[in-house]
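Proteins get letters first, then strands, A, B, ... in listed order; numbering begins at 1 in each.
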Amino acid sequence: MLDPKYIRANADAVRQGVKNKKMDAAAVDEFLEADELWRKQTTEVDQLKALRNTVSEEISKMKRAGQDASAEITRMREVSDRIKELDVEVKELDERTQRALLLIPNLPSATVPVGDSPEDNPVIREWGTQKTFDFEPVPHWDIATNLGLVDFERGTRMSGSGFICYTGMGARLERALYSWMLDLHTTQHGYKELFPPLLVNRNSMIGTGQLPKFEFDMYRLPDDDLFLIPTAEVPVTNFYREDILDGRELPIRLTGYSSCFRREAGAAGKDTRGLLRVHEFHKVEMVKFTQPETSYAELETLTANAEAVLQGLGLTYRVVVLCTGDMSATSAKTYDLEVWAPGVQQWLEVSSCSNFEDYQARRANIRFRREPGAKPEFVHTLNGSGVALPRTFIAVVENYQQADGSVVVPEVLRPYMGGVEVLEPQK
RNA sequence: GGAGAGGUGGCUGAGUGGUCGAAAGCGGCGGUCUCGAAAACCGUUAUGGCGCAAGUCAUCCAGGGUUCGAAUCCCUGCCUCUCCGCCA
């Protein structure tokens, strides 16, 4: 969430930022209205409580001195009744402001280009060249089926459309990809590995910003009020929820592999064929907790860490910066990594690297002290995919396909594939 | 799932319904001493809200209740631990 003091003092700037994100600014006005009432009522009830505290102390003294305090007690009974009434109003107003506060999105960083849609996202760099073939490259669904890497029909039979069953060397390739990625981040990029729960509670979802707005985008278990995580960002960021970190230990870098669950309601149809968009997929995620001054520098290295995955696999990709209209509610600045897939002839998003500044830290109450004994301040949180698997799987098989239908295994993965160098068609 | 115990500040751990925002110890910070350090000694050390400020309010897991007054009493929930059962 945003700093309430900042919203009070900069209402117009906040409204403009929300509008630039193509989101509804109604919550800003709702907050301002409820907040003003809340402050008024709070002041009144605080004064009554101060009176009650001093008189209660007097009553205590009188009783110990053996004096009659019944007049004061009668008087305080009325005061307490009034406090009770006001407390109810104050609590309702407090809930109103909190609800509104949770619905106000993060503001875009000043360096983010204003725009309406993905077409307005500037490409800021490209790595590698789009591979040329002396045959017609085929899409991954044909390759995967021909090589026995994925059984699309049986995945659907088990769970429905959008659920994937990897088979044989396909399953092994999937495992090789995330194992290699985790090893890269932990041994080369300084991340500590976490293997988090895939089910999280409501407070975790509020902490990273999926709730309260996006409850129905997620798979949930209402009997237990638990949610299947849409990304490891949720549990890994919430690792430090309610904590006060030692500023001398920042930045903290965590990485984790997890399954990710997304309902993608209404997305069926185009762009969902094969592995392009699925309900359950695997992803390696990177999360950073930093001091405010360094978060944008850390965003650059985070993005570079994600790029290192694609470079290691020899995949052509480009980096775009999301314009204001294409950003998530929680992010202040986001880079997307898009990998080239020659079979489907598309740039596929495989990573989103974001700086949330203190927006998530306020929600999740993650703070740090610069020095021992110093006042706690909010950290900045960042995260990025490093990277998402299904589309990376697509890019690998489509880029490394050969005329005979086989697929060359990228060198870095071979140690994880039992030394296999080429995936051959099944007999 | 059954039975029991318990949730207090960075940690450990006291706390008769009324100077308790909370003893004590550890840890941290500052100082004395020392060439320096250790030890010892002295001091200091929760978080948040409102307010220009003085100040004031809230917080002893969470939410209700009793009371003039709740860390303390009652109810509910959550969590942790021990034992039993079940189980990958």
With sequence neighbours excluded, residues passing salt bridge (charged side-chain N to carboxylate O under 4.0 Å, His left out) with A:D3: A:R362

With both distances kept under 3.5 Å, what pairs with B:C20, Watson-Crick or G-U wobble? none

If only atom types and distance count, is the side chain of A:N121 paired as donor or acceptor with the main-chain N or O of A:C323 below 3.5 Å? yes

Looking at the side chain of A:P376, which of B:U47, B:C50, B:C57 is the nearest nucleotide? B:U47

For A:P390 versus A:F281, what's the shortest heavy-atom pair and its separation? CG-CB, 3.4 Å

Of the options B:G69, B:G48, B:G10, whose atoms approach the side-chain atoms of A:K375 most closely? B:G48

About how many Å separate CG of A:L184 and OH of A:Y191, when rounded to the nearest 0.5 Å? 10.0 Å

Are A:F227 and A:Y219 near enough that their ring centres are under 6.0 Å apart? no

Could you tell me the separation between the CD1 atom of A:I59 and the P atom of B:G17, rounded to a whole number of Å? 18 Å

Closest to side chain of A:S60, choosing from B:C68, B:G51, B:G18: B:G18

Using a cut-off of strictly less than 4.0 Å between a heavy atom of the residue and any atom of RNA chain B, enumerate the qualifying residues of residues 79-106 of chain A by number. A:S80, A:K84, A:K91

Here the pair of heavy atoms bringing A:T231 nearest to A:C260 is CA-SG, 3.8 Å

So among A:R273, A:E398, A:Q401, which one has a side-chain hydrogen bond (donor to acceptor under 3.5 Å, both in side chains) with A:H140? A:E398

Would a distance-only check, ignoring hydrogens and angles, find a side-chain to backbone donor-acceptor pair under 3.5 Å from A:D326 to A:L322? no

Nucleotide opposite B:G10 in a Watson-Crick or G-U pair, distances under 3.5 Å: B:C26

Considering only heavy atoms, which members of residues 194-209 of chain A lie under 4.0 Å from some atom of RNA chain B? none

If you look at every strand shown and take non-hydrogen atoms under 4.0 Å, does A:K61 touch a base, only sugar-phosphate, or nothing? nothing

Across all strands, who's sitting opposite B:G85 as a Watson-Crick or G-U wobble pair, both distances under 3.5 Å? none

Counting Watson-Crick and G-U wobble pairs only, both distances under 3.5 Å, name the nucleotide matched with B:C73, or none. B:G65

Separation between the C1' atoms of B:A46 and B:A37, rounded to whole Å: 31 Å

Could you tell me whether the side chain of A:S109 and the main chain of A:T111 form a donor-acceptor pair under 3.5 Å? yes

Under a 4.0 Å heavy-atom cutoff, the residues of residues 31-42 of chain A touching RNA chain B are A:W38, A:R39

Return a table of donor-acceptor pairs under 3.5 angstrom between the side chains of residues 374-386 of chain A and protein atoms on other chains or two or more places apart.
| from | atom 1 | to | atom 2 | distance (Å) |
| --- | --- | --- | --- | --- |
| A:E377 | OE1 | A:R370 | NE | 3.4 |
| A:E377 | OE1 | A:R370 | NH2 | 3.0 |
| A:E377 | OE2 | A:R370 | NE | 2.5 |
| A:H380 | ND1 | A:S295 | OG | 2.8 |
| A:T381 | OG1 | A:Q360 | OE1 | 2.7 |
| A:N383 | ND2 | A:E233 | OE1 | 3.4 |
| A:N383 | ND2 | A:E233 | OE2 | 3.3 |
| A:S385 | OG | A:S352 | N | 3.2 |

Using the P atom in both, what is the distance from B:U72 to B:A58, to the nearest Å? 14 Å

Quick check on B:U56: is either OP1 or OP2 less than 4.0 Å from any side-chain nitrogen or oxygen of A:N53? no

How far does the C1' atom of B:G6 sit from the matching atom of B:A62, given to the nearest Å? 16 Å

Classify the nucleic acid contact of A:R64 as base, sugar-phosphate or nothing, counting any heavy atom under 4.0 Å across all strands shown. sugar-phosphate

Quick check on salt bridge (Lys or Arg N to Asp or Glu O under 4.0 Å): which of A:E36, A:E89, A:E33 does A:R96 satisfy it with? A:E33

Could you say whether A:A374 or A:R8 is positioned toward the 5' end of RNA chain B, judged by the nucleotide with the nearest heavy atom to each? A:A374

Residues pairing under side-chain hydrogen bond (donor to acceptor under 3.5 Å, both in side chains) where one sits in residues 150-174 of chain A, two or more places apart or in two chains, turn out to be A:D151-A:R154, A:E174-A:H282

Hunt down the Watson-Crick or G-U wobble partner of B:A40, both distances under 3.5 Å, from any strand shown, or write none. B:U32

Check every atom of B:A46, B:A58, B:G49 against the side chain of A:K49 and return the nucleotide holding the closest atom. B:A58

Side-chain N or O of A:R367 closer than 4.0 Å to phosphate OP1/OP2 of B:G48: yes

In whole angstrom, give the distance that lies between atom CE of A:M62 and atom P of B:G18. 18 Å

Between B:A38 and B:G31, how far apart are the two P atoms, rounded to whole Å? 12 Å

Between B:U19 and B:A3, how far is it from one C1' atom to the other, in whole Å? 43 Å

Does a side-chain heavy-atom distance below 4.5 Å link A:E357 with A:P292? no

Starting at the 5' end of RNA chain B and moving along, which residue's nearest nucleotide shows up first, A:T43 or A:M76? A:T43

Provide the distance between the two C1' atoms, one in B:C78 and one in B:G30, to the nearest whole Å. 41 Å

Determine the Euclidean distance between corresponding C1' atoms of B:G10 and B:U44; express it in Å to zero decimal places. 16 Å

C1' atom, B:G9 versus B:A24: distance in rounded Å? 13 Å

